[in-house]
Amino acid sequence: MTTPKKVVLLGATGSIGSSTLRVLRAHSDRLQLVGVAAQSRHNELAAICREFDVSHAVLQDEKAYLRALQAGHFPATTQLSSGTEALTELATLAEADIVLVAVVGVAGLRPTLAAIEAGKDIALANKELLVLGGAHVIKAAKRKGVRLLPTDSEHNAIFQCLQGYPSEQVDKLILTASGGQFRDTPEKELAVVTPEMATKHPNWSMGPKITVDSATMANKGLELIEAHWLFGLEPDHLEVVIHTQSLVHSFVQFIDGSILAQVSPPDMTFAIQHCLLFPERAPSVTPSIDFHKAFSLDFSPPEYAKYPCLQLAYNALRIGDAAPAIFNAANEVAVERFLAKEISYLDIPKLIEYSLTQIVSPLSPSLDQLFQIDTETRDVAQAHNP
Ligand code: NDP
Ligand code: MG
């Protein structure tokens, strides 16, 4: 028997985190959880440490860490720490083979770069960090020769379809999109969309931020930028198609016109398991598609007028430099302000567009410049009333 792969999971208490735990439970002979991190949900993190006998845990939030110490619910065998440095240390844990990055937002960037420098393979669910620092992440991963395994379902699908084909043979990547919860809602009714309505997805069960991003298709915009970095294709070779069933997770079109697709149920355990066990395969956690039952697949081009965030993401990708980082930061603030009922649903793209016109992007920005632009954009997007 081979020794289990040792896994560090950043963002263990979230939506991707809980799907990952399902994969780990099913494949405990092949995968061992050695480190976990969360922001503040200490009860949930303690329960994970007890169940999986995890040796290292980080609660990013200091107050939550102190509460956890008081509660004493982490096992004595778990080394618990707190803070940004602790997160980076966890990502570089000597015994870890692979780090699954499933924290939300750009907070994941520095720990990911540190893990790459430490020679760890990376399973990447977090897309925001690639949108901000894609150039730096890809360069570091190439230099260190580590695997960057795409866990976002579309990118995982593309990664699977590309196995064995040289990049010169690839013409286009076609990302599928569910169209979100308002795909059948007439454009004029979008003005009255509430946070409660926008946080319910028809096909996927995900965290609130990404669910709103699915409705606006800002998520697909971020994924276009993510695909650009992961697979090295320019915007003219990246397309989006609406596919309401979320069964085909993306397509690769080759130069001879042949198109390959990866198909599985809309459940993140498929992509997560593929990354964690790569290049091995094993039985899935949940049943796959049953062809004994009739079903159909629909595809249609997106209506850009209904999804202005998608067009803004294309524009940002074409501008390059820090424009994708501005798109991402402005979108994050816009979604937070929409969820806090400060701005309306239709204000989300307006705030992104405004931010893109206000911030000046330096050429080939350094990591520090990118973080600075991220902060500046957040201030601008916070202060502006669209
Ligand atoms: P959730 O909000 O459900 O979970 C986020 C997780 O990250 C939680 O464990 C949270 O801890 C933790 N966290 C947040 N900030 C920090 C921080 N600064 N330091 C340490 N831990 C932190 O998000 P999702 O699981 O939905 O998404 C995670 C990432 O994966 C996102 O980048 C998203 O875009 C991407 N993704 C998600 C998909 C999905 O199906 N959900 C699909 C594809 C990609 P706590 O619980 O304590 O707050
Ligand atoms: Mg996705």
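Atoms considered below: every heavy atom in the structure, side chains included; atoms not considered: hydrogens, waters and symmetry mates. In listed order, ligands and their atoms are each counted from 1.
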Pairing of [X] and [Y] as salt bridge, 4.0 angstrom limit:
X: K220; Y: E223; value: yes
X: R183; Y: E303; value: no
X: E239; Y: K172; value: yes
X: E196; Y: K341; value: yes
X: K127; Y: D213; value: no

Nearest protein heavy atom to [atom], by residue and atom, and its distance?
atom: atom 33 (C) of ligand 1; answer: I210 CD1, 4.0 Å
atom: atom 26 (O) of ligand 1; answer: G207 N, 3.2 Å
atom: atom 3 (O) of ligand 1; answer: S15 N, 2.9 Å
atom: atom 17 (C) of ligand 1; answer: Q39 OE1, 3.4 Å

Identity of the nearest option to [atom], non-hydrogen atoms only, from [options]:
atom: atom 6 (C) of ligand 1; options: A102, G17, A38; value: A102
atom: atom 2 (O) of ligand 1; options: L129, V101, D267, V104; value: V104
atom: atom 38 (C) of ligand 1; options: T211, T13, I16, N126; value: I16
atom: atom 29 (C) of ligand 1; options: T151, L9, V103; value: V103

Taking 4.0 angstrom as the limit and counting only heavy atoms of [X], give me the atoms of ligand 1 inside it, by number and element.
X: D152; answer: 43 (C), 44 (C)
X: A12; answer: 9 (O)
X: R41; answer: 45 (P), 46 (O), 47 (O)
X: A125; answer: 30 (O), 35 (C), 36 (N), 44 (C)
X: S40; answer: 45 (P), 47 (O)

Could you check which N/O/S atom of E223 is closest to the Mg ion (ligand 2)?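 So the atom name we want here is OE2.
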In terms of the angle between their ring planes, are H243 and F299 parallel, tilted or perpendicular, with boundaries placed at 30° and 60°?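 Correct class here is parallel.
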What class does the angle between the rings of H384 and Y354 fall in, given that below 30° is parallel, 30 to 60° is tilted and above 60° is perpendicular?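 Geometry flag for Y354 against H384: parallel rings.
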Say whether, by atom type as modelled, one donor and one acceptor occur between the side chain of Q39 and the main chain of Q60 under 3.5 angstrom.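 The answer is no, because no donor-acceptor pair under 3.5 Å joins these two groups.
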Checking D152 side chain against L124 main chain: does a donor-acceptor pair fall under 3.5 Å?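 Not confirmed, D152 side chain does not pair with L124 backbone.
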Which part of [X] is near ligand 1, with near meaning a heavy atom under 4.0 Å away: side chain, backbone, both or neither?
X: A107; value: side chain
X: E128; value: side chain
X: Q60; value: side chain
X: M268; value: side chain

Under 3.5 Å: N/O of [X] near N/O of ligand 1:
X: P208; answer: no
X: S153; answer: no
X: G14; answer: yes

Hey, would you say the F278 and H274 ring centroids sit under 6.0 Å apart?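 They qualify: ring centres under 6.0 Å apart.
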T176 OG1 to I158 CD1 distance, which is reported to the nearest 0.5 Å: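 One finds 8.5 Å between OG1 of T176 and CD1 of I158.
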Just verifying a value: how many Å separate L173 CG and H228 NE2, rounded to the nearest 0.5 Å?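 Those atoms lie 11.5 Å apart.
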Side-chain touch L310/L224, heavy atoms, less than 4.5 angstrom: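 Yes. Closest side-chain heavy atoms under 4.5 Å.
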Apex the Mg ion (ligand 2) - arms OD1 from D152 and OE1 from E154 - angle rounded to 10°: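 Between OD1 of D152 and OE1 of E154, at the Mg ion (ligand 2), the angle is about 100°.
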